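Here is the structure we will look at.
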There are 2 protein chains.
Amino acid sequence: MWLHIDPRSEVPLYQQVVDQVREAVARRWLQPGDRLPSVRELAIKLALNHNTVAKAYQELEREGLIETLRGRGTFVAERKPRTASPEDLAWIEQQIRQLLIAAHHLGLEPETWLELAGRVVARWREPEGGSS
Amino acid sequence: MWLHIDPRSEVPLYQQVVDQVREAVARRWLQPGDRLPSVRELAIKLALNHNTVAKAYQELEREGLIETLRGRGTFVAERKPRTASPEDLAWIEQQIRQLLIAAHHLGLEPETWLELAGRVVARWREPEGGSS
DNA sequence: CTATGTGTACCATGTTATACGGTACATATT
DNA sequence: AATATGTACCGTATAACATGGTACACATAG
C-alpha cells in the first residue's frame with residue numbers, strides 16, 4: 001500500500017489522502033482506468049472513518065482526477081489536455097515566491113534553491129525511494 | 001502601508017500577517033532594527049483584534065525574525081547566518097515536489113515549471129510590482 | 001429475487017483552531 | 001503621573017475536522 005497517514009500531522013487526514021492520490025496520478029504510479037480502493041476498504045486500512053475517505057474522494061473528483069460510478073467503484077480519470085491559464089500561472093508564481101521566502105529564512109538563497117529545484121525535476125519520474 | 005489583509009481568504013488572518021512580514025524581511029523591504037507597528041496600532045489599521053496581531057508577532061519572534069521589547073515595541077531582528085540542515089533541505093524538496101504536482105494538474109510540466117521558477121528567481125530583488 | 005458491495009446522504013457528537021471583546025498587568029518612555 | 005508598549009488572562013462564537021451510526025440508490029454476482 002502506497003498510502004500512509006500520519007495522524008499527528010497538522011495536515012487534515014482527508015487532505016493527506018488527497019495529496020497522495022494527486023501525487024500518484026501526477027507521477028503515473030496510477031494510470032487512467034486504475035481502480036482505487038473502495039471508501040470502506042480504505043477507511044479500514046488507514047484507520048479512518050468512511051466519511052473522511054469519502055470527503056477526500058469527492059475533492060479528487062471535483063478536481064477531475066478521478067471518476068466515481070455508483071455501485072461500481074472509483075477510478076482514475078483520463079488526463080485531459082489542459083493549458084495553464086494566466087490565473088493559474090500567477091498562482092504558481094505566488095507559490096514559488098512563498099517557497100523562496102521560506103527557503104531564505106532557512107539559509108538557502110534563491111540561486112541555491114533553484115539548483116535544488118533542478119535536481120528535484122531531474123528525479124521527477126523515478127520510482128519512489130531514491131536510495132536504500 | 002504594505003500590509004493588506006483579505007478577510008475572505010482561507011488563510012488565517014494571523015497567518016497572512018506572518019507571511020507578509022516574512023516576505024518583507026526576506027526581500028529586505030524591512031531592515032534589521034526597523035520598527036513594526038504596535039500591536040494595537042496594527043490591529044486598528046487592519047481591522048483585526050489585538051490578540052490576532054499579537055499571535056502573529058509571537059510566531060514571528062519564535063522564528064527569530066523579530067524581537068519584542070516590553071514597553072518599547074517590536075523590531076526586525078538581525079539576520080543570523082544560518083546553513084540549512086538536512087531536515088530543512090528535505091522539507092524544501094518535499095514542498096517543491098508538492099508544487100510540481102499542483103503545476104502538473106494545471107497543465108504545466110516540470111521543465112516548463114522550472115523555467116518559470118528561473119524567471120521568478122531572476123526577479124527576486126525587485127521593488128514590488130514588476131510592471132504597471 | 002436476494003445478497004453483497006459500491007458511492008452517497010444524512011444526523012449527531014466531540015475536538016481543535018481561529019477570531020473576537022474585554023480587562024488587567026509589567027515594563028519603558030515621556 | 002501619564003502614556004504606550006507587549007503580554008496574559010477570561011469568556012464567547014464560529015468553522016473545519018473527524019468520528020460513529022444509519023440509510024438510500026445503484027450495480028453486480030449468486
Side-chain angles (χ1 to χ4, degrees), chain A residues 1 3-22 25 30 32-78, chain B residues 1 3-22 25 30 32-78:
Chain A
M1 172 62 63
L3 266 162
H4 55 98
I5 294 299
D6 177 11
R8 288 177 311 282
S9 167
E10 82 280 2
V11 180
L13 305 180
Y14 86 95
Q15 189 66 50
Q16 295 185 41
V17 175
V18 170
D19 289 342
Q20 292 179 40
V21 173
R22 262 208 287 251
V25 172
L30 283 178
D34 283 357
R35 187 175 182 281
L36 277 78
S38 81
V39 164
R40 291 170 181 80
E41 182 186 347
L42 189 56
I44 293 174
K45 281 197 178 179
L46 300 181
L48 300 180
N49 189 273
H50 60 265
N51 288 322
T52 304
V53 176
K55 183 175 183 180
Y57 279 13
Q58 284 159 15
E59 168 68 13
L60 287 163
E61 182 169 40
R62 199 188 57 77
E63 296 177 7
L65 272 91
I66 66 178
E67 284 174 350
T68 62
L69 300 175
R70 271 262 177 100
R72 297 221 46 227
T74 305
F75 305 87
V76 177
E78 296 292 333
Chain B
M1 172 62 64
L3 265 162
H4 55 99
I5 294 298
D6 178 11
R8 290 176 309 281
S9 167
E10 81 280 0
V11 180
L13 304 181
Y14 86 94
Q15 188 66 50
Q16 295 185 41
V17 175
V18 170
D19 288 342
Q20 292 180 40
V21 173
R22 261 208 288 252
V25 172
L30 284 178
D34 282 359
R35 187 174 182 280
L36 278 77
S38 81
V39 165
R40 291 171 182 81
E41 182 186 348
L42 190 56
I44 293 174
K45 280 197 177 177
L46 301 181
L48 301 179
N49 189 272
H50 60 266
N51 288 321
T52 304
V53 177
K55 183 174 182 179
Y57 278 14
Q58 284 160 13
E59 168 67 14
L60 288 163
E61 181 169 40
R62 199 188 58 77
E63 296 176 7
L65 272 89
I66 66 179
E67 285 174 350
T68 61
L69 301 176
R70 271 260 177 103
R72 298 219 47 226
T74 306
F75 305 86
V76 177
E78 296 291 334

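Because the structure is predicted, anything quoted here is derived from the model rather than measured. Reminder, nothing fancy here: chain letters follow the sequence lines and each chain counts from 1. Both backbone and side-chain heavy atoms feed into the values below; hydrogens, waters and symmetry mates do not.
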Next item on the list: To the nearest 0.5 angstrom, please state how far the CG atom of A:Leu60 sits from the CG atom of A:Leu36.
Entry: 8.0 Å

Next item on the list: Using whole Å, report how far CD1 of A:Ile5 lies from P of D:dA18.
Entry: 9 Å

Item checked: All salt bridge (charged side-chain N to carboxylate O under 4.0 Å, His left out) counterparts of A:Glu63, not counting sequence neighbours -> A:Arg22

Checklist line | Straight-line distance of A:Ile66 CD1 to A:Phe75 CZ, nearest 0.5 Å | finding: 10.5 Å

Next item on the list: Kindly say if A:Thr68 contacts the phosphate of C:dT6, meaning a side-chain N or O under 4.0 Å from OP1 or OP2.
Entry: no

Checklist line | Length of the CG-P vector between A:Leu13 and D:dG20, whole Å | finding: 12 Å

Item checked: Side-chain N,O (A:Tyr57) to OP1/OP2 (C:dG7) below 4.0 Å -> no

Note to self: I want to check one thing: is the phosphate of C:dT6, taken as OP1 and OP2, less than 4.0 Å away from some side-chain N or O of A:Arg35?
What the structure shows: yes

Margin query: Taking 4.0 Å as the cut-off, does a side-chain nitrogen or oxygen of B:Arg72 come that near to OP1 or OP2 on C:dT27?
Written below: no

Notebook entry, point to check: The side chain of A:Ser38 lies closest to which of these nucleotides: D:dG20, C:dA19, C:dG7?
Noted result: C:dG7

Notebook entry, point to check: Counting side-chain heavy atoms from C-beta on, which of D:dG6, C:dA9, C:dG7 comes nearest to A:Thr74?
Noted result: C:dG7

Note to self: Just to be sure I understand the rule, does B:Glu67 reach a base, reach only the sugar-phosphate, or reach nothing, if contact means heavy atoms closer than 4.0 Å?
What the structure shows: nothing

Note to self: I'd like to know if B:Asn51 reaches the base of C:dG22 with its side chain such that a donor and an acceptor end up less than 3.5 angstrom apart.
What the structure shows: yes

Next item on the list: Side chain of B:Arg40 only, please: which of C:dA24, C:dT8, C:dG22 is the nearest?
Entry: C:dA24

Check: Touch check for A:Glu61, heavy atoms < 4.0 angstrom, all strands: base, sugar-phosphate only, or nothing?
Finding: sugar-phosphate

Item checked: Selection from D:dT22, C:dA26, D:dA18 that lies nearest to any side-chain heavy atom of B:Arg70 -> C:dA26

Note to self: Measuring from atom OG1 of A:Thr74 to atom CD of A:Glu67, what distance do you get when rounded to the nearest 0.5 angstrom?
What the structure shows: 10.5 Å

Item checked: Interatomic distance, B:Phe75 CZ vs D:dT5 P [rounded to whole Å] -> 10 Å

Margin query: In whole Å, I'd like the distance from the CG atom of B:Leu36 to the P atom of D:dT7.
Written below: 12 Å

Next item on the list: For C:dT18, take OP1 and OP2 only and decide whether either is under 4.0 Å from a side-chain N or O of B:Thr52.
Entry: no

Next item on the list: Applying side-chain contact (heavy atoms from CB on, under 4.5 Å) between A:Gln15 and each of A:Leu13, A:Asp19, A:Val17, report the one that passes.
Entry: A:Asp19

Notebook entry, point to check: Rounded to whole angstrom units, what separation is found between the CG atom of A:Leu48 and the P atom of D:dG21?
Noted result: 15 Å

Note to self: Determine whether a donor-acceptor pair (one donor, one acceptor, N or O, separation below 3.5 Å) exists between the side chain of A:His50 and the base of C:dG7.
What the structure shows: no

Check: Nearest 0.5 Å, what's the CG-CD1 distance between B:Asn49 and B:Ile44?
Finding: 11.0 Å

Margin query: Under 4.0 Å from OP1 or OP2 of D:dC17: is there any side-chain N or O of A:Lys55 that close?
Written below: yes

Checklist line | Among C:dC20, C:dT18, C:dG7, the one nearest A:Val39 by side-chain distance | finding: C:dG7

Margin query: Quick check: on DNA chain D, is the nucleotide nearest A:Gly71 upstream (toward 5') of the one nearest B:Leu69, or the reverse? Name the residue that is more 5'.
Written below: B:Leu69

Item checked: Any A:Asn49 side-chain nitrogen or oxygen under 4.0 Å from OP1 or OP2 of D:dG20 -> yes

